[in-house]
2 protein chains.
Amino acid sequence: MTFADTTGKLARPALSVELTDRVRELIMEGELKEGHKVPERYLTERFGVSRTPLREAIKVLAHEGFVVLVPNRGAVVAPQSLDEIEEILPIVGALEGLAGELAAQHASDADIRNISRLTDRLREAFEARDRPTYFQINQSIHAAIIQAAGNPALLRNHATFARRIYRARYQANLSESRWKEATEEHEKIAEALAARDAKGLGELLREHLSHKMRSIRSALK
Amino acid sequence: MTFADTTGKLARPALSVELTDRVRELIMEGELKEGHKVPERYLTERFGVSRTPLREAIKVLAHEGFVVLVPNRGAVVAPQSLDEIEEILPIVGALEGLAGELAAQHASDADIRNISRLTDRLREAFEARDRPTYFQINQSIHAAIIQAAGNPALLRNHATFARRIYRARYQANLSESRWKEATEEHEKIAEALAARDAKGLGELLREHLSHKMRSIRSALK
DNA sequence: TGACTGAATTATGAATTCATTATTCATTTA
DNA sequence: TAAATGAATAATGAATTCATAATTCAGTCA
């Protein structure tokens, strides 16, 4: 007997899994505000479920770091302090650095072309000073590199951490000079990938994220 | 109103948190065998709890990757294939590399002396060809470096991944030549830390783990 | 007024119950 | 005999119930 699911559709996922994603979105979108309690009753009514699967979801979100459990007082949305970001962003950097090394080894030529093309568009968005487009392409590039690494556990773990600093990473205003520098770093990243320079790409990505950290730090202070 | 807990003892942690640790131990010790179902009924009776907190624990373990949820068929202990290890160990390497960089910056002088002393004892255990002691000290050194990094999120995340490959990492027999090499690497690691060479230490740790991966791969093939 | 007390209310943590889905196993049929 | 059927059994997912802890709030007293 095997669990292989050739249809992929007959059994729908457990409610708690669905709820984990939905509640996480509420936190990321800021509807559930940091420092506030997670309103169990409201959420069960909103999603039309009982407390059991919701509480399972909250346990998982606590493990991801989105909420903090307080014994006998439920869960509180974890605050997004600068300290939090200083903790998380270096981890994202280490993971993206590894992703770069793996991507340099495992990426398909199509992956590389795709990232190269995205990098060209990133440059165009910078030249046009089009921030929303820039951020969106930037995000696509980082996602594509993680994807190209071909390591599912890395992909999942990165996603968890990246989501926690999503706003800081993509909504922090960056200075003109840092913006230019970041664009140039992305071009070097695309080159290292095309050259399949694993070590170099890993190093470039770690530095890129480290610069990003510096930029956020100065913006928030 | 604040949640500060000056006593740290009055409220005991939720059952589900306790159960997460207990069940994880059962998996790590091999009592719950990979590929087998997680026996809900047996575990509730063994621990004297109801299914509710146990199932919350299982959800968290699924998120950690120790078990896999199968809709309407409960949870299965995740297999420890070579593929799994090939996925996880590089992530541990990236995290330890970061830990090294941070430790080089933030470690106290006492931390450094402690790790240096442990490294001396590691050398002695190698000279005596005392594998159990070597493995135990080895583990202490890696744990001390992560600790010294002073990043709680990194500590937690590393622990989760490290536990998943615990057996492979510390019980895989290593060859005489690799053993010698690993011991020497540890001495370089201690030196780089003493010199507070962040980049160098990060690089050394990433390489150390990468060699470990190679050693496990050849042992399991 | 303003801090304190304690009953009423509410929320939480956990056990239990219930509906649904999977599994087992005896029986039938080719 | 071997495969197929379907009733009986067991396990799962989710809702509900229950005991306990926290919070609120009216009343008391300085």
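As the structure is a computational prediction, the values presented were derived from the model and not from experiment. The analysis underlying the following values was restricted to heavy atoms, covering all of them including side chains, and did not include hydrogens, waters or symmetry mates. The sequence lines fix the lettering, A, B, ..., with proteins before strands; numbering per chain opens at 1.
For the 3.5 Å distance criterion, the side chains of D111(B) and S108(B) qualify, holding a donor opposite an acceptor. Side-chain N/O atoms of N138(A) and H186(A) include a donor and acceptor closer than 3.5 Å.
Distances from the side chain of N72(B) to the nucleotides dT21(C), dA15(C), dA21(D) place dT21(C) closest. Side chain of R73(B), nearest nucleotide from dT23(C), dA14(D), dA14(C): dT23(C). Here the nucleotide nearest the side chain of R51(B), chosen from dA15(D), dG13(D), dT23(D), is dG13(D). For T52(A), the listed nucleotide lying nearest its side chain is dT16(D); candidates were dT23(D), dT16(D), dA21(D).
Side-chain nitrogen and oxygen atoms of R55(A) include at least one within less than 4.0 Å of the OP1 or OP2 phosphate oxygen of dG13(C).
In this structure, R41(B) reaches the sugar-phosphate backbone alone: every heavy-atom distance under 4.0 Å involves primed, P, OP1 or OP2 atoms, never a base.
Across the protein-nucleic acid pair, K37(A) atom NZ and dA21(D) atom P stand 16 Å apart, rounded to whole Å. Distance CG (L43(A)) to P (dT12(C)): 11 Å, rounded to an integer number of Å. Rounded to whole Å, atom P of dT16(D) lies 12 Å from atom CD of E45(A). The CD-P distance, from E40(B) to dA14(D), rounds to 12 Å in whole Å. In this structure, K59(A) atom NZ and dA14(C) atom P are separated by 7 Å, rounded to whole Å. Regarding E56(B), its CD atom lies at a distance of 13 Å from the P atom of dA14(D), rounded to whole Å. Between L19(A) atom CG and dA15(D) atom C1' there is a gap of 13 Å when expressed in whole angstrom units. Rounded to whole angstrom, the span from the CD1 atom of I58(B) across to the P atom of dT12(D) amounts to 8 Å.
Residues satisfying the ring pair (Phe, Tyr, Trp, His ring centres under 6.0 Å) criterion with H158(B), sequence neighbours excluded, are absent altogether. Scanning for side chain to side chain contact (heavy atoms under 4.5 Å, CB included) contacts around T133(A) gives A125(A), D130(A), I137(A), with sequence neighbours left out.
Other residues, nucleotides and ligands contribute only 12 or fewer heavy atoms inside 6.0 Å of the CZ atom of R22(A).
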